[in-house]
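Encoded as structure tokens, the structure appears first; notes follow it.
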Amino acid sequence: MRIGLVGFGFGGQKFHLPYIQAVPDWEIAGVVTRSPQRRVELAAAAAGVPAVDDLDALIDLGVDVVVITTPPQTRRELVLRALARGVHVVADKPFAPDAQVAREMAAAAEQAGRLLTVFHNRRWDTDLRTAAEVLADGAIGTPWRAVNRFDLDEPGTLEVGPAHGLLRDLGSHLVDQMTHLFGPVARVDAHLDLVEVEGHQVDAGFVVALHHASGVHSTVSASKINHLAERELVLWGSQGAYTSRMRDVQTDAILRGEHPATAADWGREQPERWGVLHTADGALPVPSAAGDYAEFYRRLHASVAEGAPLAVLLDEAIHTVEITDAARLSALEGRTVELR
């Protein structure tokens with residue numbers, strides 16, 4: 001089946017193209033980019049794949065699916081246009097600036113009779129896959145609490161504007177990870193680190209407390225301008241706890257020039273950085289699971305070709321936007337926000 005990329009910035013180059021290439025069932029039909037430099041980079045990364053100027057030109061090449069990986073403020077228009085042209089759509093995160101727009105796009109997909117899903121690839125992070133196995137094994141008993149922290153030392157990449165900010169960017173991933181593990185959220189408490197950038201007030205960091213309907217309490221947090229780069233994932237349960245400080249394994253590998261289609265033992269952390277299970281039996285290292293963002297594209301192919309369930313359901317993606325909406329409201333008004 002044929003798939004096309006709309007946008008070839010850092011996300012398109014590092015988080016989409018390599019993982020599509022790692023799934024032989026997909027043929028890359030083309031990439032939308034007008035930048036001469038990015039066209040050179042495309043030729044080096046995917047020889048023979050044509051570059052085109054816009055979404056309509058890409059669809060005219062003949063595609064089953066388009067992946068929208070352009071800046072967030074362009075998301076709605078491109079998603080709606082692709083659906084109107086009759087193709088299935090993968091939208092990058094943040095899926096929408098608010099839940100109302102998310103529901104509008106979902107309604108358009110239903111009306112068009114086409115699949116729409118969101119690239120919540122970090123469900124396949126190495127540390128999250130390992131934590132999911134710990135939970136599935138019952139190793140900590142009934143889960144009670146979790147902390148999910150992802151600090152980045154990247155002040156130059158903080159995006160500004162009404163559709164931007166770290167909560168909607170990285171926060172979308174962290175929230176999705178927690179709902180993926182523990183289910184829907186009933187109420188939210190949040191704090192935002194607000195700074196002035198280019199005349200806009202933008203959140204450069206956040207802490208969000210999620211009260212899940214299952215009874216689990218999770219906290220997600222991140223920063224981008226505090227000169228700290230660290231990942232932490234902690235689970236507490238009735239029989240013990242699990243702690244992890246694994247790295248962003250797949251991104252590190254991509255930036256080293258490795259490729260998921262050819263690298264051996266892709267997405268596994270080194271033993272010296274394995275997570276640790278703490279129980280009455282003592283502290284035991286837990287071997288790393290294999291993280292693999294290509295799984296999103298394997299399952300997408302099965303959904304389009306065979307009608308299998310999407311890896312990221314649209315209701316789940318909308319709920320993530322509802323949670324980030326609630327978190328922003330909570331922080332700005334200083335109160336707990338309940339979700340319906």
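What you see below is based on every heavy atom in this structure, not just the backbone, and it leaves out hydrogens, waters and symmetry mates.
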task = Start with the C-alpha distance between Gln177 and Asp125, add both sets of side-chain angles, then the distance that settles side chain to side chain donor-acceptor pair (under 3.5 Å), and finish with yes or no.
result = CA-CA 9 Å; Gln177 287 182 332; Asp125 273 356; 3.2 Å; yes
Are [Y] and [X] co-members of a hydrophobic cluster defined by side-chain heavy atoms under 4.5 Å apart?
| X | Y | answer |
| --- | --- | --- |
| Leu61 | Leu78 | yes |
| Val249 | Leu174 | no |
| Leu170 | Val321 | no |
| Leu80 | Val63 | yes |
| Leu194 | Leu167 | yes |

Hey, could you give me the [atom1]/[atom2] distance between [X] and [Y], rounded to the nearest 0.5 Å?
| X | Y | atom1 | atom2 | answer |
| --- | --- | --- | --- | --- |
| Leu135 | Thr142 | CG | OG1 | 10.5 Å |
| Arg168 | Arg328 | CZ | CZ | 6.5 Å |
| Thr117 | Leu313 | OG1 | CG | 7.5 Å |
| Asp151 | His227 | CG | NE2 | 12.5 Å |
| Leu255 | Lys14 | CG | NZ | 6.5 Å |
| Ile140 | Trp236 | CD1 | CH2 | 10.0 Å |

Charged N to carboxylate O below 4.0 Å: is that the case for [X] and [Y]?
| X | Y | result |
| --- | --- | --- |
| Asp53 | Arg39 | yes |
| Asp56 | Arg81 | yes |
| Glu322 | Arg103 | yes |
| Arg298 | Asp292 | yes |

ask   = Would you say the ring centroid of Trp26 lies under 6.0 angstrom from that of His301?
value =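 Here the rings of His301 and Trp26 have centres that are less than 6.0 Å from each other.
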inquiry  = Could you check whether Tyr19 and Tyr297 have their ring centres less than 6.0 Å apart?
reply    =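 Here the rings of Tyr19 and Tyr297 have centres that are no less than 6.0 Å from each other.
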Tell me whether the count of non-hydrogen atoms from other residues, nucleotides or ligands lying under 6.0 Å of [atom1] in [X] goes above 12.
| X | atom1 | result |
| --- | --- | --- |
| Glu196 | CD | yes |
| Glu230 | CD | yes |
| Glu110 | CD | no |

inquiry  = Please check: side-chain N/O of Ser223 versus main-chain N/O of Ile225, any donor-acceptor pairing under 3.5 Å?
reply    =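 Not confirmed, Ser223 side chain does not pair with Ile225 backbone.
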ask   = Can you check whether Asp92's main-chain N or O pairs, donor with acceptor, with Arg75's side chain at less than 3.5 Å?
value =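 Checking the backbone N and O of Asp92 against the side chain of Arg75, a donor-acceptor pair under 3.5 Å is found.
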Heavy-atom closest pair, residues Thr33 and Phe8 =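 Closest heavy-atom pair between Thr33 and Phe8: CB-CB, 4.1 Å.
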request  = Could you pull out the closest heavy-atom pair between Ser244 and Asp127, with the gap in Å?
outcome  =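 Minimum heavy-atom contact is OG-CB, 3.8 Å.
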query = Do Gln100 and Glu104 get their side chains close enough for a donor-acceptor pair, meaning under 3.5 Å?
reply =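 On atom types as modelled, these side chains do not qualify, holding no pair under 3.5 Å.
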task = Verify whether one side chain among Lys224 and Thr157 offers a donor that lies under 3.5 Å from an acceptor in the other.
result =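 Present: a donor and an acceptor within the cut-off.
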ask   = Parallel under 30°, tilted from 30 to 60°, perpendicular over 60°: which one fits the rings of Phe119 and His16?
value =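 Geometry flag for His16 against Phe119: tilted rings.
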task = Have a look at Leu210 and tell me which of Ile323, Thr219, Val216 forms a side chain to side chain contact (heavy atoms under 4.5 Å, CB included) with it.
result =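 For Leu210, the side chain to side chain contact (heavy atoms under 4.5 Å, CB included) check succeeds only for Ile323.
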ask   = Honestly, is Arg231 close enough over Phe150, meaning NZ or CZ under 6.0 Å from the six-membered ring centre and within 45° of the axis?
value =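 That pair qualifies as a cation-pi contact.
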Just distance, no hydrogens or angles: give the donor-acceptor pairs under 3.5 Å from side chains in residues 178-191, sequence neighbours left out.
{"unit_1": "Thr179", "atom_1": "OG1", "unit_2": "Val175", "atom_2": "O", "d": "3.3"}
{"unit_1": "Thr179", "atom_1": "OG1", "unit_2": "Asp176", "atom_2": "O", "d": "3.1"}
{"unit_1": "Arg187", "atom_1": "NH2", "unit_2": "His211", "atom_2": "ND1", "d": "3.3"}
{"unit_1": "Asp189", "atom_1": "OD1", "unit_2": "Thr336", "atom_2": "OG1", "d": "2.3"}
{"unit_1": "Asp189", "atom_1": "OD2", "unit_2": "His211", "atom_2": "NE2", "d": "3.0"}
{"unit_1": "His191", "atom_1": "NE2", "unit_2": "Asp193", "atom_2": "OD1", "d": "2.9"}

request  = Check the pair Trp274, Val286 against side-chain contact (heavy atoms from CB on, under 4.5 Å), reporting the backbone distance first and the verdict last.
outcome  = CA-CA 6 Å; Trp274 283 354; Val286 178; 5.8 Å; no
